[in-house]
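Everything on this sheet refers to the single structure shown next.
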Amino acid sequence: MLEVRGVTRRFDNLVALHDASLSVGEGEFVAIVGASGCGKTTLLRLIAGLDSDYEGEIALDGQRIVGTSLERGIVFQEPRLLPWLTLWDNVAIALENAPLSAAAKKEAIAAQIALVGLSGFERAYPSALSGGMAQRAAIARALVGHPSILLLDEPLGALDAITRMRLQEELLRIWRHEGVSMILVTHDVEEAVFLSQKIVVMDTHPGHVTATVPVDLPTPRDRASPAFSALKGRVFEALHDNAAVKPPEVEYLI
Amino acid sequence: MNTLSSVLAAPPLGEAGGRPQTLPRSGQTLLRWLAGSGAFAALRRYFAQRRYIGAILPLAILGLWQASSSFGWIEPVFLPAPKKVVEAFWYMLTKQDLLKDVWASVFIIAQAFIYGTLLGVGLGFAAGLSKPVELFFSGTINTLRHIPSVAWIPLIVVWLGLGAPAKIVVLAKSIFIPMFLNTLQAIRGVDQNFIELAQALKLSRRQLIRRVVFPAIVPVVMVTLRYSVGLAWALVVIAEGISGLEGLGFLIFRAQNLLMTDQLLVCMVLIGLVGFGLDRLLFLMQRRLLRWQRSFGGGYA
Ligand SMILES: Nc1ncnc2c1ncn2[C@@H]1O[C@H](COP(=O)(O)OP(=O)(O)OP(=O)(O)O)[C@@H](O)[C@H]1O
Ligand SMILES: [Mg+2]
């Protein structure tokens with residue numbers, strides 16, 4: 001159980017995040033949507049422990065988080081693979097300090113690479129991977145240490161619609177298979193509704209949480225169903241409620 | 001040269017489909033062997049890509065050179081005939097122990113290369129990882145680098161004499177300075193995102209250096225190496241010319257003083273060839289180390 005309570009993060013005069021709160025249950029899939037610059041990456045970095053300069057409280061299983069931990073895996077906004085390591089070594093580097101035998105590590109790495117569908121590319125360098133493959137490799141790297149929570153910062157944002165839909169299915173499969181809690185940041189409301197059990201809606205100036213929308217649709221979800229559309233509508237509404245003074249964001253009119 | 005000689009040596013065949021049948025058995029064997037060895041493909045590529053265009057100018061110059069000596073356009077003391085130069089080469093090789101001089105020069109640059117690189121990368125690394133170390137060294141080094149290496153030679157020779165050590169010191173210094181500055185700069189330029197990644201993966205400082213920082217600076221280090229070894233090779237020649245009793249630089253300046261233009265030309269060609277060889281060696285090393293880069297034909301195999 002991850003709990004974020006009243007978290008505020010300032011950069012000099014800019015309030016990037018104001019009094020943000022959310023919670024993620026054991027094995028829950030939570031999506032965060034919001035306009036560019038509303039503090040989504042900032043929040044994820046705080047949860048990851050890459051940034052500790054904040055007010056408020058972030059606790060995992062009742063313990064305030066301090067620094068980074070292999071318990072909290074993160075997939076950055078870009079794949080961020082080390083170009084001088086093969087795909088295998090890029091995944092293996094996450095187990096560098098794991099208390100496992102060499103054989104157990106090997107097994108875990110191979111299994112994780114298979115899970116993201118990259119078997120056969122173990123010896124490929126990142127320069128030889130497509131964008132979608134690189135992003136899947138980054139997911140494998142974040143998952144291989146079996147974190148209890150996985151933080152995904154727009155992992156599919158830079159991909160084409162077809163690849164994105166395929167990887168969405170894959171994310172769901174991985175989530176079910178691993179039983180890991182997930183926080184997925186996305187610009188794409190449909191993606192959020194398709195994947196998550198709960199959607200946290202954020203807005204800018206200053207970055208804050210405006211609403212939390214539970215997604216109580218049965219799985220597998222049908223993107224064309226009326227219930228799906230209705231929920232999408234509710235999220236759009238939540239996104240725009242708070243933006244009454246601003247023109248509607250074209251970004252969300254998909 | 002390789003492709004050129006294979007072109008000249010290859011018999012004119014391959015166009016007519018019926019022609020191989022009229023060849024004698026040995027001819028057919030040769031043909032099959034040529035086809036198998038890829039000589040046809042190489043030949044076709046050579047002409048299709050118009051590689052021969054690159055051979056025109058050197059051949060023309062060679063021809064002009066031969067003509068000018070055959071027709072007596074230029075005094076032999078200014079430009080001896082190609083044949084004379086080849087003879088001079090053979091004479092130097094067999095009677096004057098030319099290889100010893102080549103080796104003397106290569107020995108100097110090899111040692112300078114090792115010391116200069118180790119010290120430059122080592123100190124550059126230390127300075128890159130620690131601000132106090134950087135502050136301690138960079139002012140001095142940035143000042144010293146404005147004194148050209150050639151200007152160091154007289155003083156160092158006064159200290160260390162005419163032998164190899166003085167030259168090794170000067171050359172090592174000339175390799176050290178760009179190595180140090182560029183290593184430092186490369187470490188400062190390591191992508192902050194990778195540092196953050198290492199943090200998220202809980203890598204120790206040692207692991208961070210070994211897995212992230214070190215590989216990240218290899219491209220810059222290799223380019224600097226090739227660049228500075230090129231400069232240092234030129235400097236060997238000058239240093240040996242100014243003060244020395246052996247080596248290619250010594251020979252070339254001696255040949256000038258004695259107006260032995262044929263030997264002078266031999267030295268020039270050799271200096272060029274050795275320089276090319278050194279760079280080639282470093283290039284192969286670079287390609288090996290950087291095979292992860294796509295521009296080096298990376299990918300996977
Ligand atoms: N290191 C920093 N220094 C100063 N300001 C920062 C820093 N990091 C983020 N900010 C500011 O905080 C705000 C939120 O940034 P953040 O990266 O969290 O946005 P985001 O919601 O992830 O946006 P996007 O969807 O475009 O990725 C922005 O206004 C940004 O300029
Ligand atoms: Mg972001």
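Side chains are part of it too, since the values below use all heavy atoms of this structure and drop only hydrogens, waters and symmetry mates. Every chain is numbered from 1, with letters handed out A, B, ... down the list of sequences.
- Residue A:R72: no heavy atom, backbone or side chain, is found under 4.5 Å from chain B.
- In this structure, the side chain of A:T68 engages the main chain of B:Q199 through a donor-acceptor pair within 3.5 Å.
- Only the backbone of A:L81 has a heavy atom closer than 4.5 Å to any heavy atom of chain B.
- Enclosure of atom OH in B:Y52 by more than 12 non-hydrogen atoms of other residues, nucleotides or ligands within 6.0 angstrom is indicated.
- Using a 4.5 Å cut-off between heavy atoms, A:L50 contacts chain B through both its backbone and its side chain.
- Judged purely by atom type and a 3.5 angstrom limit, A:R80 has no side-chain atom pairing as donor or acceptor with the backbone of B:L197.
- Within 6.0 Å of NE2 on B:H146 lie more than 12 heavy atoms contributed by other residues, nucleotides or ligands.
- A 6.0 Å sphere centred on CD of A:Q63 holds no more than 12 heavy atoms belonging to other residues, nucleotides or ligands.
- Using a 4.5 Å cut-off between heavy atoms, A:A48 does not touch chain B at all.
- For chain B, the nearby part of A:S69 is the backbone; its heavy atoms alone come within less than 4.5 Å.
- Taking a 6.0 Å sphere around CD of A:E57, one finds it holds more than 12 heavy atoms contributed by other residues, nucleotides or ligands.
- Within a 6.0 Å sphere centred on CD of A:E55, other residues, nucleotides and ligands contribute more than 12 heavy atoms.
- The environment of CZ in A:R10 is sparse: at most 12 heavy-atom neighbours from other residues, nucleotides or ligands sit within 6.0 Å.
- No more than 12 heavy atoms of other residues, nucleotides or ligands lie within 6.0 Å of CD1 in A:I162, so this atom counts as exposed by the packing criterion.
- Dense packing is recorded around CZ of A:R64, with more than 12 heavy atoms of other residues, nucleotides or ligands lying under 6.0 Å away.
- From A:T86, atom OG1 reaches atom CH2 of B:W292 across 13.0 Å, with rounding to the nearest 0.5 Å.
- A:W84 places no side-chain N or O within 3.5 Å of a backbone atom of B:Q293 that could act as its donor or acceptor partner.
- Neither the backbone nor the side chain of A:L87 comes within less than 4.5 Å of any heavy atom of chain B.
- At least one side-chain heavy atom of B:L201 sits less than 4.5 Å from a side-chain heavy atom of A:R141.
- In this structure a side-chain-to-backbone donor-acceptor pair under 3.5 Å is present from A:N97 to B:K202.
- Neither the backbone nor the side chain of B:L289 comes within contact range of chain A; no heavy atom of the residue lies under 4.5 Å from a heavy atom of that chain.
- Counting heavy atoms from C-beta on, the side chains of A:L82 and B:F194 come closer than 4.5 Å.
- In this structure, chain A has no heavy atom under 4.5 Å from any part of B:A198.
- With a threshold of 4.5 angstrom between heavy atoms, B:V218 does not approach chain A through any atom at all.
- Annotation: side chain of B:Q207 is not in contact with side chain of A:I93 (no heavy-atom distance under 4.5 Å).
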